[in-house]
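The block underneath contains the structure these notes are about, expressed in structure tokens.
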Amino acid sequence: MNTIPKHIAIIMDGNRRWAKEQGKPTMFGHSAGAKNLKRIIQKAIDLGITHATFWALSTENLKRDKKEVAHIFSLFEKITDYLGDFITHNAKFTIVGDMSNKIPENVQKKLYDMVEKTKNADKIVITFAVNYGGRDEIVRATKKILNAGIDPETLSEETFATYLDTKELPNPDMIIRTGGNKRLSGYLPWQSTYAELYFTDIKWPAYSPEDLQDAVDWYTNQQRNFGK
Ligand code: FPP
């Protein structure tokens with residue numbers, strides 16, 4: 001038996017298909033997905049999970065229809081409406097991903113305001129992966145290492161990890177992907193090496209606290225030996 005996972009990382013997939021099933025536009029799916037975060041974070045806190053990392057926007061998602069991307073940005077801008085006081089009291093909010101020029105300034109400001117406002121909260125660390133791609137993260141880390149003039153002979157896995165966006169986070173113990181696809185699509189490739197992988201057909205807006213409980217129950221029944 002395992003203890004409960006300390007760090008879960010979630011791929012919130014299926015928003016558009018969920019909306020389609022309801023006969024609603026794509027945007028409705030993303031809004032419902034954003035709304036779903038609060039109850040899942042609350043459940044994670046109740047379970048004693050200390051870190052939860054959500055893939056809120058991938059580097060690939062940015063290539064979608066302009067209107068859809070703008071809608072997702074508008075949800076980020078309203079982060080205080082979705083998570084405001086709740087997160088301020090309970091959760092430290094952090095961001096991984098490439099927050100450079102592709103993210104509009106006003107969106108960056110809203111997200112970084114949330115980082116600043118929540119820096120002393122300690123029940124859980126909530127991380128949004130924004131404009132995140134695992135290969136992109138590794139290339140950016142490598143550039144930083146080269147720019148720092150690190151001697152190749154001294155470069156270790158531990159040093160490398162300190163150049164990743166996730167340097168402040170423990171590795172995820174479990175990755176959950178909703179929406180039915182069984183792939184990681186470049187989510188935390190370095191960090192997920194020993195993570196348990198959990199796939200469910202439930203689409204993100206419908207993913208409930210009970211579903212998270214099921215995933216954690218499954219996790220506790222896995223044997224983890226880290227290759228030993
Ligand atoms: C994947 O579903 C989900 C996304 C591309 C975006 C996720 C973003 C949110 C839920 C917004 C969070 C924001 C805040 C501020 C709380 P999909 O569109 O790929 O769905 P599909 O697989 O059905 O096409």
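Only this structure's heavy atoms are used, side chains among them; waters, hydrogens and symmetry mates stay out. This one's a predicted model, so the numbers in the text were calculated from it and none came from an experiment. Numbering of ligands and ligand atoms starts at 1, following listing order.
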For ligand 1 and [X], I'd like to know whether there is a polar contact (N/O to N/O, distance under 3.5 Å).
{"X": "Asn15", "answer": "yes"}
{"X": "Tyr82", "answer": "no"}
{"X": "Arg17", "answer": "yes"}
{"X": "Asp13", "answer": "yes"}

Starting from [atom], what is the nearest protein heavy atom, named by residue and atom, and what distance separates them?
{"atom": "atom 16 (C) of ligand 1", "answer": "Leu37 CD1, 3.2 Å"}
{"atom": "atom 8 (C) of ligand 1", "answer": "Ala56 O, 3.3 Å"}
{"atom": "atom 14 (C) of ligand 1", "answer": "Ala34 CB, 3.8 Å"}
{"atom": "atom 24 (O) of ligand 1", "answer": "Arg16 NE, 2.8 Å"}
{"atom": "atom 1 (C) of ligand 1", "answer": "Met12 O, 3.1 Å"}

Next on the checklist: In this structure, would Trp204 and Leu75 fall into the same cluster of hydrophobic residues linked by side-chain contacts under 4.5 Å?
Outcome noted: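 Yes, same cluster.
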Item to check | Non-hydrogen atom of Gly14 closer than 4.0 Å to ligand 1 | outcome: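 True for this residue.
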Quick check on contacts: which atoms of ligand 1 are under 4.0 angstrom from a heavy atom of [X]?
{"X": "Asn61", "result": "5 (C)"}
{"X": "Phe76", "result": "13 (C), 15 (C)"}
{"X": "Leu75", "result": "15 (C)"}

State plainly whether the residues [X] and [Y] are in salt-bridge range, i.e. N to O under 4.0 Å.
{"X": "Glu77", "Y": "Lys109", "answer": "no"}
{"X": "Arg140", "Y": "Glu137", "answer": "no"}
{"X": "Lys43", "Y": "Glu210", "answer": "no"}
{"X": "Asp98", "Y": "Lys102", "answer": "no"}

Item to check | Heavy-atom nearest neighbour of atom 19 (O) of ligand 1 within options Arg64, His71, His30 | outcome: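 The option holding the nearest heavy atom is Arg64.
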Next on the checklist: Glu168: which residues meet the side-chain contact (heavy atoms from CB on, under 4.5 Å) condition with it, sequence neighbours left out?
Outcome noted: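 side-chain contact (heavy atoms from CB on, under 4.5 Å) check on Glu168 returns nothing, list empty.
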Checklist entry - With sequence neighbours excluded, what pairs up with Ala129 under the side-chain contact (heavy atoms from CB on, under 4.5 Å) test? => result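 Trp55, Val96, Tyr132, Tyr187.
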Checklist entry - Between Ser185 and Arg177, is any side-chain donor less than 3.5 angstrom from a side-chain acceptor? => result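 Yes, a side-chain donor-acceptor pair sits under 3.5 Å.
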Checklist entry - Considering the options Asn171, Asp173, Thr53, Thr50, which one meets the side chain to side chain donor-acceptor pair (under 3.5 Å) requirement together with His7? => result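 When side chain to side chain donor-acceptor pair (under 3.5 Å) is applied between His7 and each of Asn171, Asp173, Thr53, Thr50, only Thr53 qualifies.
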